[in-house]
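The structure appears below as structure tokens.
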Number of protein chains: 2
Amino acid sequence: MDVIGHTPAGGAPRGRSASIWDVARVAGVSQQTVSRVINGKARVSEATRAKVLQVIAELGYRPNRLAQALAGGPARSVTVLTSDTALYGAAATLRGMEEAARRAGFSVGISVLEPDLEPAEVVLRLNRPGEAVMVIAFDDVGVRVLRALPPDVPVAAAVERRPGEGAGHSAGHSAGHSADAEPWQIWLDDRAAAAHATRYLLGLGHRTVHYVAIPSSTSALAQRTQGWREALFAAGRPRPEPLQGGWSPRSGYLAVRSLLADRSVTAILCGNDDLALGVMRAAREAGREVPGDLSVVGFDDSPQSAFMNPSLTTVRLDFEGLGRACFGLLHRRLDPEAAPAVPVWSEPELIVRESSGPAPS
Amino acid sequence: MDVIGHTPAGGAPRGRSASIWDVARVAGVSQQTVSRVINGKARVSEATRAKVLQVIAELGYRPNRLAQALAGGPARSVTVLTSDTALYGAAATLRGMEEAARRAGFSVGISVLEPDLEPAEVVLRLNRPGEAVMVIAFDDVGVRVLRALPPDVPVAAAVERRPGEGAGHSAGHSAGHSADAEPWQIWLDDRAAAAHATRYLLGLGHRTVHYVAIPSSTSALAQRTQGWREALFAAGRPRPEPLQGGWSPRSGYLAVRSLLADRSVTAILCGNDDLALGVMRAAREAGREVPGDLSVVGFDDSPQSAFMNPSLTTVRLDFEGLGRACFGLLHRRLDPEAAPAVPVWSEPELIVRESSGPAPS
DNA sequence: TCTATGGATGTTATCGGTCACACGCCAGCG
DNA sequence: CGCTGGCGTGTGACCGATAACATCCATAGA
């Protein structure tokens, strides 16, 4: 195979698509000049630049990102590590991340973390040492992976709670983003949201509120659980043990089945909307009416919740915004000068619908 | 917190992680021999292989996939092109694809196709010319992208229907996969499933069945719509115009709102479960009882459908299996010798629950 | 007129691998 | 004893880019 042989259409050797060399040859300049035009960094005369751009268009040339990355060009790819792409929260966060990354010209990789994954082995999934990573760490696998990541990989993470955070603090719109120890973590104020939902239910006259928890991401008390408990404590109400649920409607259904025989249970807060769906079915089967007999409140505001029967009172969480902000954080970390400001995301917001109402008299 | 692959002992120059050269030097062989050991292709003496493997472990060496791909190594990455990662069908398919790809040692990229995307521009998102691609083409953007893909990119796609397919044919378990014109497309037998669901409703005594369609992926009649119509035709029943819905519960709700005033409408088949959810809500608001007054059947068997109120009769589709099979197809295409057989996936199956029942007398 | 200056461009090394081919060695064979 | 043929291994080119450094040329200052 000849090295710089002639080419059919004046472009690339047969089969291969145009490379920077092909462009350089046709434009009558060196490949370095083409590189300069592409990256727009160094100065190139206007005439040369125009010529090169024209040849690029003619040949349909497109820089090979692999080669760029190999040669030490700026980072232009991220890998998202997440547990379950089918869960609404994770899926929505992923969508936000992907959108923001794509807009910034990054290519996005994805790797799903199985529950039995050995955290240290995730590095083997990266395309190269030092590849940038975003972790959706809403569960314990995610958190463990996050912890096991070598210090040389640039990372930003959407987490359930900020490890070691003291009292809740939120600076205006940007709840959860601070500049100390690990400024590359980002989260929603689950605790405040859970407390808010709990107070809402108490305000409806319920004696207390029960809670069905999603799996915790850490050994410590989950933020939602904590917010719920704090609200009960502050109001001087009984604090029942939280029920442990999973992520699915079925797990919510199973978790509360036995509880519902107790008519004194009149309000249940759920760790997500799917759990709430399962809880409402269990309630029907137990002969309890929602909301007449029993108020149910969910978390997440999934697309279905407004159409459930009864429609679900829930806490709307801006997962997409969180995902976008997470990428923003990573971007600033990778390229402090060029990266735009981290976009804001919305505070959790209680959406009152049909599934909650006054306590039965 | 010591991590595998982090801080090589005496291998690599400061900062950089170990390369094939470092391994070669420490092991006292050439880098080509290391490459042979890694890829396991060519024959290497047992002693040498052991020595190299040991050094690899010591240094925490990990091959750089970028460099491998650049140098023309075997394809070990795929990019999935899909429209909306939040929709159940697409999300489940993606999950199947990712799982299968990861298991086969592929890294998975993802790129979301916005509705207003210029199909020809997707090639710009690929990491290199000729990168392998999987398309989830359940809607028209996906189909257009699929069509616009240059012939040199290896592709496999999960599609709604097989373009130009004549009468339904299925070879044993592998409905929809044949070896002619475009053997890299894969699909579920939507038409048969829709026909089956329609016959089921007619069998319950309904005079006819109405249909709320998801957006079609082509200008031609969608497979689900067609199956529905054929079943009605075969049974000699009236064939009402299909109602056009979107993907969301809201669109289902809006699509049928006016229809429900007509009490002669007693059975509605929906293009997906979300639409069905919206339809059931519209029914409630119109004072129609499900299933007493009105039977509703969905499509997909999303995780929520079993817990809706009433629980939803629906057609279970094996999206994950479809995704796995799609990757299988691609894998065989990329590497006919090494790739395992394409895994099978399940046929659509009608799951009867509470939302359907005998026609009102 | 000679030279310092700086913008525009070319040259060479490098990134971390794979591939095609050459080479040395030892056994089997005529 | 010389040839042939595998097997195990090393060598050099190449993949498609970027970075550092070298070079060329024109213009301005001495």
Side-chain angles (χ1 to χ4, degrees), chain A residues 1-5 11-13 15-25 27-52 56 59-77 107 126-131, chain B residues 5 8 11-13 15-25 27-52 56 59-77 126-131:
Chain A
M1 184 196 312
D2 41 20
V3 183
I4 310 195
R16 266 203 338 260
S17 61
S19 82
I20 202 172
W21 280 95
D22 302 312
V23 175
R25 185 167 36 73
V29 299
S30 75
Q31 31 81 16
Q32 178 61 243
T33 299
V34 178
S35 173
R36 287 182 179 115
V37 170
I38 292 169
N39 297 312
K41 297 290 287 183
R43 347 185 30 133
V44 178
S45 77
E46 203 41 57
T48 310
R49 150 172 283 111
K51 174 64 179 167
V52 169
I56 285 180
L59 265 47
Y61 164 77
R62 197 185 106 55
N64 181 324
R65 315 186 77 139
L66 266 51
Q68 288 183 312
L70 219 211
R76 292 233 163 290
S77 68
S107 68
L126 272 33
N127 287 321
R128 64 186 160 95
E131 158 129 317
Chain B
R16 262 202 344 257
S17 60
S19 83
I20 201 173
W21 280 96
D22 302 314
V23 175
R25 184 166 36 73
V29 298
S30 75
Q31 31 86 18
Q32 177 63 343
T33 299
V34 177
S35 173
R36 288 183 178 112
V37 170
I38 293 169
N39 297 311
K41 297 289 288 182
R43 338 185 36 125
V44 178
S45 77
E46 204 39 59
T48 311
R49 149 171 284 108
K51 175 62 179 167
V52 169
I56 285 179
L59 264 47
Y61 164 75
R62 195 180 97 59
N64 181 324
R65 314 187 77 136
L66 266 51
Q68 289 183 311
L70 218 212
R76 293 230 163 287
S77 68
L126 272 32
N127 287 321
R128 65 186 158 95
E131 157 129 316

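Sequence lines set the chain letters: A, B, ... in the order given, protein chains first and strands last, and positions in each chain run from 1.
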For B:Thr33, report the nucleic acid contact type (base, sugar-phosphate, nothing); a contact means any heavy atom under 4.0 Å. sugar-phosphate
Residues at least two apart in sequence or cross-chain that pass side-chain hydrogen bond (donor to acceptor under 3.5 Å, both in side chains) with B:Glu131, listed by chain then number, are B:Ser77, B:Thr79
Filtered N/O pairs between nucleotides 16-20 of chain D and protein, under 3.5 Å:
residue, atom, partner, partner atom, Å
D:dG16, OP2, A:Arg16, NE, 3.3
D:dA17, OP1, A:Tyr61, OH, 2.9
D:dA17, OP1, A:Asn64, N, 2.5
D:dA17, OP2, A:Ile20, N, 2.6
D:dT18, OP1, A:Asn39, OD1, 3.3
D:dT18, OP1, A:Asn39, ND2, 2.9
D:dT18, OP1, A:Gln68, NE2, 3.3
D:dT18, OP2, A:Ser35, OG, 2.3
D:dA19, N7, A:Gln32, NE2, 3.1
D:dA19, N6, A:Gln32, NE2, 2.5
D:dA20, N6, A:Gln32, NE2, 3.4

Under-4.0 Å side-chain N/O to phosphate OP1/OP2 contact, B:Thr48 with D:dT9: yes
side-chain hydrogen bond (donor to acceptor under 3.5 Å, both in side chains) partners for B:Asn64, two or more places apart: none
Do A:Thr48 and A:Lys51 come within less than 4.5 Å of each other through their side chains, counting heavy atoms only? no
Minimum side-chain heavy-atom gap B:Ile38-B:Ile20 below 4.5 Å: yes
Might you list the N or O atoms of the protein lying below 3.5 Å from N or O atoms in nucleotides 24-26 of chain D, with each pair's distance?
none

Can you tell me if A:Arg62 uses its side chain to pair, donor with acceptor, with the backbone of B:Leu126 under 3.5 Å? yes
Restricting to non-hydrogen atoms, name the atom on B:Ala69 and the atom on A:Leu66 that form the minimum distance, rounded to 0.1 Å. CB-CD2, 3.3 Å
Both atom distances under 3.5 Å, Watson-Crick or G-U wobble: I'd like the secondary structure of DNA chain D as a dot-bracket string, with | for pairs made across strands. ||||||||||||||||||||||||||||||
With side chains defined as the heavy atoms from C-beta onward, is the minimum distance between A:Arg49 and A:Val52 less than 4.5 Å? no
Closest non-hydrogen atom pair, B:Arg65 against B:Arg76: NH2-O, 3.6 Å
Going 5' to 3' along DNA chain C, which nucleotides are the first and last within contact of chain A (any atom under 4.0 Å from a heavy atom)? C:dG7 to C:dG16
